[in-house]
S.K.: 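My questions all concern the structure below.
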There are 2 protein chains.
Amino acid sequence: MKLSTKGEYGLRAMFDLAQRYGTGPVSLKSIAARQEISEHYLEQLIAVLRKAGLVKSVRGAQGGYMLAREPEEIKVGEIIRALEGPIAPMECVSEEDPEECHRSESCITRKIWRRVRDSISEVLDAITLQDMCDEAEKERQKNDYYMYYI
Amino acid sequence: MKLSTKGEYGLRAMFDLAQRYGTGPVSLKSIAARQEISEHYLEQLIAVLRKAGLVKSVRGAQGGYMLAREPEEIKVGEIIRALEGPIAPMECVSEEDPEECHRSESCITRKIWRRVRDSISEVLDAITLQDMCDEAEKERQKNDYYMYYI
DNA sequence: CAAAATACCGAGTAATTTGCTATGATATTT
DNA sequence: AAATATCATAGCAAATTACTCGGTATTTTG
């Protein structure tokens, strides 16, 4: 019942891009360094995000990546789905073409998985990259406040 | 982001036992047959459930398994946790001794995983085996109703 | 008492997934 | 032309999953 590092690293990378939104292309190398992720591995993850239309790339020297849309228009759920596949605590309730088993008609457990799935989706789709940036800003201010009194 | 078959099979087996609660020991063989699960494999899962104090066993001929408590006192969450481990969409927010990474102080993504974790727990802990039995009964009545008019 | 029925136990194993690494090609800027 | 990037594909070790196999211990039944 865990997400893999794909989702973790991918979200961190997207958050990194969100915090630098509007400042031109951000190199993979710099994201990997800040987020402490293997460069080659992150390359694969960001390729998936690119194909999903979540990031744009600029090739060549001084190139890099940037968000394809504004931070407030990218939901965490989209990022996770792109990297981890459709939300599905159980195959039979996958958001995308669930394969129903033959006992599905009367399957009581399936209702539980559906509720789990929906509650996960709800959380992930309620948060945008902008929300995360705002949260980070709040955190920074809190720290400044404490600094002042120390 | 999937549960393994452990959680799936385990819950189905426990639901099977709940539906037969109060009727004496239920053999593993019969559970496996009804739920279409490999007998040997289910054996391992039910051993875990026994060690977690969720089922009791009776050895020998006519022996079998039964719920250790009443169906309304066993939450789905307990079963899932016994078989799949603590709810933890991410290691750093595991219900049981999460291992925090060094970036934890300012980790914005962690808040998201916490919310995901809590929403999963909430769903799973709100449902008992009795709830599932009631649901099954409702389903049966619905079918009877339709039967009457056909 | 013997046989059958059952729970209990530990090891082994094929397939899949994960989390990478390695190598090289292609595009752009300087 | 050189440097800096992205893009693409293949390979691989470790872990996990979903089992199977073979046997032992216990209890009931004929």
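Every value quoted in this text rests on a predicted model; they were computed, and no experiment measured them. Chain naming here is simple, since letters A, B, ... match the order of the sequence lines and numbering starts at 1 in each. Only heavy atoms go into these numbers, but all of them, side chains included; no hydrogens, no water, no symmetry mates.
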S.K.: Output the rounded distance in Å from NZ (K29(A)) to C1' (dC7(D)).
M.R.: 16 Å

S.K.: Within the structure, does a side-chain N or O atom of Y9(A) lie under 4.0 Å from either OP1 or OP2 of dC20(C)?
M.R.: yes

S.K.: For the pair made of NZ in K56(A) and C1' in dA5(D), what is the distance, rounded to whole Å?
M.R.: 17 Å

S.K.: Are OP1 or OP2 of dT17(D) and a side-chain N or O of T5(B) less than 4.0 angstrom apart?
M.R.: no

S.K.: With a non-hydrogen cut-off below 4.0 angstrom, is I46(A) in contact with a base, only sugar-phosphate, or nothing?
M.R.: nothing

S.K.: Answer yes or no: does a side-chain N or O of S27(B) lie under 4.0 Å from OP1 or OP2 of dA5(C)?
M.R.: no

S.K.: If hydrophobic clusters are built from ILVMFWY residues whose side chains come within less than 4.5 Å, do L49(B) and V58(B) share one?
M.R.: no

S.K.: What is the separation between atom CG on L42(B) and atom C1' on dT20(D), rounded to the nearest whole Å?
M.R.: 14 Å

S.K.: Mapping M1(B) and L28(B) onto DNA chain C by nearest heavy atom, which one lands closer to the 5' end?
M.R.: L28(B)

S.K.: Name the atoms and distances for all side-chain donor-acceptor pairs under 3.5 Å in residues 65-72 of chain B, with sequence neighbours left out.
M.R.:
| from | atom 1 | to | atom 2 | distance (Å) |
| --- | --- | --- | --- | --- |
| R69(B) | NH1 | E73(B) | O | 2.9 |
| R69(B) | NH1 | E78(B) | OE1 | 3.4 |
| R69(B) | NH2 | E78(B) | OE1 | 2.9 |

S.K.: Please check if the side chain of S94(A) supplies one atom and the backbone of D97(A) the other of a donor-acceptor pair under 3.5 Å.
M.R.: no

S.K.: Taking only side-chain nitrogens and oxygens of S4(A), does any of them come within less than 4.0 Å of OP1 or OP2 of dG19(C)?
M.R.: yes

S.K.: Looking just at side-chain N and O atoms, do E8(A) and T109(B) make a donor-acceptor pair shorter than 3.5 Å?
M.R.: no

S.K.: Separation of E39(A) atom CD from dG19(C) atom P, in whole Å?
M.R.: 19 Å

S.K.: Return no unless some side-chain N or O of Y41(B) is found under 4.0 Å from OP1 or OP2 of dT13(C).
M.R.: no

S.K.: Could you state the OH-P distance from Y65(A) to dT4(D), rounded to the nearest angstrom?
M.R.: 17 Å

S.K.: Between I112(A) and L124(B), is any pair of side-chain heavy atoms under 4.5 Å apart?
M.R.: yes

S.K.: Tell me what V55(B) touches on the nucleic acid: a base, only sugar-phosphate, or nothing, going by heavy atoms under 4.0 Å.
M.R.: nothing

S.K.: Starting at atom CD of E91(B), determine the distance to atom P of dG19(C), rounded to an integer number of angstrom.
M.R.: 12 Å

S.K.: Quick check: any donor-acceptor pair below 3.5 Å linking the side-chain of R59(A) to the base of dT26(C)?
M.R.: yes

S.K.: Please report, rounded to the nearest Å, how far the P atom of dA7(C) is from the CG atom of L45(B).
M.R.: 14 Å

S.K.: Pull out every protein N or O sitting under 3.5 Å from an N or O of nucleotides 8-16 of chain D, one pair per line with the distance.
M.R.:
| from | atom 1 | to | atom 2 | distance (Å) |
| --- | --- | --- | --- | --- |
| dA8(D) | OP2 | R50(A) | NH2 | 3.0 |

S.K.: Please determine whether a side-chain nitrogen of the Lys or Arg among R110(A) and E100(A) lies less than 4.0 Å from a carboxylate oxygen of the Asp or Glu.
M.R.: yes

S.K.: Do R20(A) side-chain atoms and D16(A) backbone N/O form a donor-acceptor pair below 3.5 Å?
M.R.: yes

S.K.: Send over the distance from I37(B) CD1 to dT17(D) C1', rounded to a whole Å.
M.R.: 15 Å

S.K.: Do the side-chain N or O atoms of S38(B) get closer than 4.0 angstrom to the phosphate oxygens (OP1, OP2) of dT20(D)?
M.R.: yes

S.K.: If we ignore hydrogens and angles and just use 3.5 Å, is the side chain of E99(B) paired with the main-chain N or O of C92(B) as donor and acceptor?
M.R.: no

S.K.: From the set dT6(D), dA5(D), dA7(C), return the single nucleotide nearest to any side-chain atom of Q62(A).
M.R.: dA5(D)

